[in-house]
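Quantities reported herein were computed from a predicted structural model and do not represent experimental measurements.
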Amino acid sequence: MSVWESLEALRGFAYSQRAHLDVMRRRREWFERLPFYVVLWWVPSGHLPSVAEAEQRLELLRVAGPSADAFTFREHFPPPDAEAGADAGAVRDERDLCPA
């Protein structure tokens, strides 16, 4: 579990670092296939989310699907302080999709 400044910074690490991509491509060797193994949500500056909070967000994503409270790289939402009318939940382009 980690906290990032932006979705772009997280995406840059997760999908641009060769070593991380190599591990993610082999994840099925070590883990059961799950409908969701990543959940994203916006946290206020200075807030350190707990593992229990992450579990709750993952369950929310599993039960209700992507929302502003629990989303994925594929269907993401702007930060709460983003200007109104932002294109919430849309896949921006192919770079938004996990290559693993």
Side-chain angles (χ1 to χ4, degrees):
M1 190 167 110
S2 58
V3 177
W4 292 81
E5 187 172 304
S6 69
L7 189 60
E8 293 74 23
L10 174 57
R11 184 181 295 111
F13 169 78
Y15 304 124
S16 297
Q17 300 293 320
R18 178 72 184 186
H20 188 262
L21 280 174
D22 289 344
V23 170
M24 291 303 295
R25 286 186 176 118
R26 297 183 61 200
R27 70 184 176 272
R28 289 175 187 89
E29 295 176 31
W30 305 299
F31 301 104
E32 291 180 36
R33 187 162 179 93
L34 301 169
F36 298 104
Y37 64 93
V38 171
V39 62
L40 307 172
W41 71 96
W42 298 107
V43 298
S45 180
H47 174 69
L48 295 176
S50 67
V51 171
E53 183 179 352
E55 290 172 339
Q56 291 170 344
R57 300 287 180 147
L58 189 58
E59 180 65 8
L60 177 62
L61 178 62
R62 188 188 69 74
V63 170
S67 70
D69 294 321
F71 51 90
T72 66
F73 277 113
R74 186 178 299 267
E75 290 186 70
H76 51 274
F77 293 78
D81 58 352
E83 60 185 73
D87 188 17
V91 173
R92 305 303 188 247
D93 60 36
E94 288 299 312
R95 291 174 295 177
D96 283 353
L97 305 179
C98 173

[X]: side-chain contact (heavy atoms from CB on, under 4.5 Å) partners, not counting sequence neighbours:
X   : answer
S2  : W4
A54 : M1, W41
S6  : E8, A9
V51 : E55

Taking every heavy atom of V43 against every heavy atom of P49, the minimum-distance pair comes out as CG1-CG, 4.2 Å
Where is the tightest heavy-atom contact between A70 and V39, given as atom of each residue plus distance?
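Looking at all heavy atoms of both residues, the shortest contact is CB-CG2, 3.8 Å.
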Ignoring hydrogens and angles, tell me if any N or O in the side chain of W42 forms a donor-acceptor pair with the backbone of P78 under 3.5 Å.
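The answer is yes, because a donor-acceptor pair under 3.5 Å joins these two groups.
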Within the side chain of R57, is there an N or O that forms a donor-acceptor pair under 3.5 Å with the backbone of D69?
yes
Are [Y] and [X] co-members of a hydrophobic cluster defined by side-chain heavy atoms under 4.5 Å apart?
X   : Y   : value
L58 : L48 : no
F71 : F73 : yes
L60 : F77 : no

Between the CZ atom in R11 and the CG atom in L7, the distance rounded to the nearest 0.5 Å is 4.5 Å
Enter the distance from L10:CG to L40:CG here, rounded to the nearest 0.5 Å.
6.0 Å
Side chains of V38 and T72: does their closest heavy-atom pair fall under 4.5 Å?
no
Checking E29 now: which residues fulfil salt bridge (charged side-chain N to carboxylate O under 4.0 Å, His left out) with it, not counting sequence neighbours?
R26
Listed partners of E59 passing salt bridge (charged side-chain N to carboxylate O under 4.0 Å, His left out), at least two apart
R62
